[in-house]
Amino acid sequence: MEPLKLTIDGREVTTVKGKTVIEAAAEAGIDIPHYCYHPKLPIAGNCRMCLVEIEKMPRLQIACNTQVNEGMAVQTQSPKVLEARRAVMEFLLVNHPLDCPICDQAGECRLQDYYMAHDLKASRFEERKEHDYKREIFGPHVVFDGERCINCTRCVRFLQAVTRTEELTVVDRGDHSTIALFPDRVLDNPLSANVVDICPVGALTDRDFRFKVRVWYLKDTPSICPGCSTGCNITIGAYQNRIARFKPRVNEEVNSHWICDEGRYCFHRLTEVERLTSPLIRQEGGLVPTDWETALQAALSGLSAGAPLAGVISGRNTNEEAFLFARLMRRISSEAALEVFYQERPLTEVEKILKSPDRSPNFRGAREMGVISNGGFDSWLGQLIEGKFRGAYIVGEDLLSALPEGEKIKSALARLSFLVVQDSHLTATAELAHVVLPATNFAEKEGTYTNREGRVQKLNAALVPPEGALQDWEIFARMQREAGDRVSYSTPGQIFQTIANEVPRYGGLSYLRIGEQGAQPSDQT
Amino acid sequence: MQRVEKMGLWERSYLPEILRGLIVTGSRFWRNLFIHTLHQLGLAKRLDAAMTVQYPDERWPYPDTYRGRHRLTLKEDGAVQCTACFLCATACPAECIYIEAGEYPDNPVEKYPVRYEIDTLRCIYCGFCVEACPCDAIRMDTGLHPANWGFSRKDFVENKELLMDRSRQLEAKGKEALYEEHVRQYQHV
Ligand code: SF4
Ligand code: SF4
Ligand code: SF4
Ligand code: SF4
Ligand code: FES
């Protein structure tokens, strides 16, 4: 790679040969307005929004498809450029409907943004606007509004270059040009909803998010997708303490710009449940509400008398929680058989672009925290079904409903002398428990996940847990205190400090170093 | 602020000033009582008694710009005009507008409010919602006073049906009659 120098808006920029002007500008922090250009898609050069003036070139050039040259002098804000952009905007808006009040894109729409920045004049168009489809269902997650489409072809190129499923194409010419499904095709590939994110306007919108809330009401929290152990970076958009949507967050080391559909909508399954708001204890055959003190004491004494003891934690529990869980269980019985819930399923070719075969985003991290037995989860489960354990502590997973061996697990659990279940809601498994402890879901936690590749990434709390529930780590800490240990954690951050001191691979890490993009500790240390 | 509190001997001797005050209020009282009695007997109609407006029997006309209770305007087919764009709720400084948006199954274009509620206990009648609306879907031109009694907080939450019905009432009866109806409930309190 040959380094070369050019100037953009009078600033000297160093880059390498082969880059385009728009890329070189982005590296230098200069944003050149654009619609069709996307860093992860092939160049189309059709929107003409990225026009810039280049010295010694007679006409304006598109920045997305012009390669840099030594000594090039680029102007992105000259009067000529601004005039051209204004003209491009005017053309794009010729047939554009006045839909902003009912358009889900409003508030994060590039047409709105660039109009405010460049055009700002009333329409001079006097003829009748072209009309088009207003609600074309493209697939289970995506709906298309033809009038709003600016024919940038980002969606088409995504389906050609990333998923290679090619459901969409451009049809017709001129004013009538639009995007359409190929005959007999449905936009239902496992990454389909990403086209909504890359559509720079409101032409493709998310059926799940449709009309739910205006985007400016959303409280955005950077976090990690709880769908599988790929650990895609996401932004959780919450409204009135409920999750309204997941959006991918760019991380070139993990998920680039994408997330899969299963992950995108998994929050429904995980958070839209009737929450437990008080601990429950078994009395005369039924589960009755009780206070935390009683519940924790009962759980502790029941488990203490329950050796051989088994413990399983969900792959959605954080490292901090797994660390305390392992400590607590080994404190109660040094022989306790601990495992992380793990189950694989087959993936299709398109799914493999992103997805991992499991549904346990933090199985690797939890094992590294000491929640690990010799034979892995399947052998642990086998032992449970064979009746090798007398007491068990199940955290965050509904074993009964999640696994095909449900019936066998049910009778095995019923034979236990003592069972504690900790979950956000009353699952089928929890109904068999002697003590049920109400805990939080992934969106209410702060902590870290370690993905399949070993990258440590940070979760942040987007929702407030219901009154009466406690954070999982808090429950473990209180039980340990109940057992007579001195535990003085008051935030997950403090637990992570202990982890960094005690677990070799995590040495030197801190929340600060993990930051929003995660950190990959070296495996050797 | 510095108050002038220096009083002369006359003021400080107290009684004379008290008497003077009693004479002023007393003469007003007797004059009003006398003229009101004459009015009751149908006499001296042209003499004004006390300057109080005898609300709710009498009232001043309100200017056209008076911001009264809200209404949701209707389309020609009687459906609600509002498209649930949330701009009113966004503009509202009291955060008292609650909207839930939905989609007509048979009309591919429009979005509409499944729920639209104004908590009039929080509303400060500023009119920003009316200014913000791109569809002229909400107005405060009813000339009606905000409700000032109820049995629970819920009684003060005006929902979509009520707000739409107010448009129909206004259309059918006109502003004056609507006001009369509104004020009648106070006359019996
Ligand atoms: S695409 Fe953008 S400009 Fe067009 S209606 Fe939607 S928000 Fe408005
Ligand atoms: S639907 Fe969106 S992404 Fe696709 S061509 Fe139209 S504007 Fe571009
Ligand atoms: S009048 Fe003002 S306070 Fe009342 S609903 Fe409208 S915007 Fe809100
Ligand atoms: S601003 Fe107008 S159209 Fe929009 S939600 Fe409010 S009343 Fe409805
Ligand atoms: S971004 Fe360059 S032409 Fe569209």
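Quantities reported herein were computed from a predicted structural model and do not represent experimental measurements. Residue numbering restarts at 1 for every chain, and letters A, B, ... go by the order of the sequence lines.
The structure places CG of A:Asp104 at 6.0 Å from NZ of B:Lys111, a figure rounded to the nearest 0.5 Å. B:Ile99 CD1 to A:Phe211 CZ: the interatomic distance, rounded to the nearest 0.5 Å, is 13.5 Å.
Proximity of A:Val213 to B:Phe86: side-chain heavy atoms (C-beta onward) are nowhere separated by under 4.5 Å.
Annotation for A:Glu274: atom CD does not count as buried by contact number, only 12 or fewer foreign heavy atoms lying within 6.0 Å. Summarising the local packing, CG of A:Asp184 is surrounded by 12 or fewer heavy atoms from other residues, nucleotides or ligands at distances under 6.0 Å. Atom CZ of A:Arg210 has more than 12 heavy atoms from other residues, nucleotides or ligands within 6.0 Å. Other residues, nucleotides and ligands place no more than 12 heavy atoms under 6.0 Å from the CD atom of B:Glu171. Within a 6.0 Å sphere centred on CG of A:Leu98, heavy atoms belonging to other residues, nucleotides or ligands number 12 at most.
Taking chain A as the reference chain and counting heavy-atom pairs below 4.5 Å, the highest number among B:Cys85, B:Pro134, B:Ala89 is found for B:Cys85.
Heavy atoms closer than 4.5 Å to chain B are found in the side chain of A:Tyr217, but not in its backbone.
Between A:Arg135 and B:Asn107 the shortest heavy-atom distance is NH1-O, 3.7 Å.
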